[in-house]
> 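Below: one structure in structure tokens.
Residue indices begin at 1 and follow the sequence shown. What's counted below: heavy atoms across the whole structure, side chains too, no hydrogens, waters or symmetry copies.
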Amino acid sequence: MRILLAEDDEDDRLFFNDAINELKMNNRLTIFKDGRDLMDYLNHPETTLLPHILFLDLNMPCKTGAECLQEIRANPKFKDLTIAIYSTSSSEKDIEETFIGGANIYIKKPNDFSKLKKVIKDVVNMNWQYHTSGLNKETFFLSI
């Protein structure tokens, strides 16, 4: 499974990478430090293999996660891309806007390593076809 992480905080990137490695899942993680790098990668003509899931931080420099979400959902090439908002924010406004914007799930970043591993494992193994068919605000926000 191909996983992308767009995250500007270096500690959070390392934390996420360590969790993926400890889970020993057959995944290929590609990490971007801001939204501009992410969109450059996705829009590059040589990028033929799209990710299965994108973990997208909201508060990033250069291009925010909300701007990336809007750009991704406006492009039919990415219609099947699963987007997990991965943010420290639990504001109703952020949750509402990303739900309306077309994200598939909203995850408040856990600050506990074992909880992070559980979240990643749950999200990666989720049946997205089933999950998104009945998507509503109650199933959108993943509570840990």
> Calculate, to the nearest 0.5 Å, the distance between atoms CG and CG belonging to Asn43 and Asn75 respectively.
6.5 Å
> Determine whether more than 12 heavy atoms belonging to other residues, nucleotides or ligands lie under 6.0 Å from atom CG of Asn111.
no
> Considering all heavy atoms of both residues, which atom of Val119 and which atom of Pro110 are nearest to each other, and what is their separation?
CG2-CG, 4.4 Å
> Identify the two heavy atoms, one from Lys79 and one from Arg73, that lie closest to each other, and give their separation to 0.1 Å.
O-NH1, 4.0 Å
> For Leu38 and Leu56: C-alpha separation, side-chain torsions, deciding distance, then whether side-chain contact (heavy atoms from CB on, under 4.5 Å) applies.
CA-CA 9 Å; Leu38 168 69; Leu56 182 61; 3.8 Å; yes
> Group every Ile, Leu, Val, Met, Phe, Trp and Tyr by side-chain heavy-atom contacts under 4.5 Å, then state whether Leu50 and Ile83 land in the same group.
yes
> What ring pair (Phe, Tyr, Trp, His ring centres under 6.0 Å) pairs are there with at least one residue in residues 1-22, not counting sequence neighbours?
Phe15-Phe113, Phe16-Phe55, Phe16-Tyr86
> Not counting sequence neighbours, which residues clear side chain to side chain donor-acceptor pair (under 3.5 Å) with Lys93? List them please.
Glu97
> First locate atom CE of Met25, then atom CD1 of Ile120, and finally report the distance between them rounded to the nearest 0.5 Å.
8.5 Å
> Looking at Gly35 and Cys68, what are the two nearest heavy atoms and their distance?
CA-SG, 3.4 Å
> If I compare all heavy atoms of Ala103 with all of Ile85, which pair ends up nearest, and what's the gap?
CB-CG1, 3.6 Å
> Measure the CG-OG1 distance between Asn59 and Thr64 for me, rounded to the nearest 0.5 Å.
8.0 Å
> Which side-chain N or O atoms in residues 27-34 pair as donor and acceptor under 3.5 Å with protein atoms at least two apart or in another chain?
unit_1: Lys33; atom_1: NZ; unit_2: Asp37; atom_2: OD2; d: 3.0
unit_1: Asp34; atom_1: OD1; unit_2: Arg36; atom_2: N; d: 3.0
unit_1: Asp34; atom_1: OD1; unit_2: Asp37; atom_2: N; d: 2.8

> Would you say Tyr106 and Ser89 make side-chain contact, with heavy atoms under 4.5 Å?
yes
> If you measure from CG on Asn125 to NZ on Lys121, what distance do you get to the nearest 0.5 Å?
7.0 Å
> Which heavy-atom pair separates Ser90 from Ile95 by the least distance, and what is that distance?
O-CD1, 3.8 Å
> Give the C-alpha distance, both sets of side-chain angles, the deciding distance and a yes or no for side-chain contact (heavy atoms from CB on, under 4.5 Å) between Ile53 and Met126.
CA-CA 11 Å; Ile53 187 163; Met126 193 171 281; over 6 Å; no
> What is the distance from atom NE2 of His52 to atom CG of Asp80, rounded to the nearest 0.5 Å?
11.0 Å
> Begin from the C-alpha positions of Leu54 and Ile72 and carry the test side-chain contact (heavy atoms from CB on, under 4.5 Å) through to its verdict.
CA-CA 11 Å; Leu54 164 63; Ile72 289 167; 3.6 Å; yes
> With sequence neighbours excluded, tell me which residues meet side chain to side chain donor-acceptor pair (under 3.5 Å) with Asn26.
none
> Listed by chain and number, what are the side chain to side chain donor-acceptor pair (under 3.5 Å) partners of Asp12, not counting sequence neighbours?
Lys109
> I'd like to know if the side chain of Asn17 reaches the main chain of Arg13, judged simply by a donor and an acceptor atom lying under 3.5 Å from each other, with no hydrogens or angles considered.
no
> Quick one: closest heavy-atom pair of Lys108 and Thr88, and the distance?
NZ-O, 3.1 Å
> For Gln70, look at atom CD and say whether over 12 heavy atoms of other residues, nucleotides or ligands are found less than 6.0 Å away.
no
> Could you tell me which residues satisfy side chain to side chain donor-acceptor pair (under 3.5 Å) with Arg2, sequence neighbours excluded, listed by chain and number?
none
> For Leu4 and Leu42, run side-chain contact (heavy atoms from CB on, under 4.5 Å): C-alpha distance rounded to whole Å, both residues' side-chain angles, the deciding distance at 0.1 Å, then the answer.
CA-CA 10 Å; Leu4 299 185; Leu42 288 175; 3.9 Å; yes
> Roughly how far, to the nearest 0.5 Å, is the CG atom of Asn104 from the CZ atom of Phe99?
10.5 Å
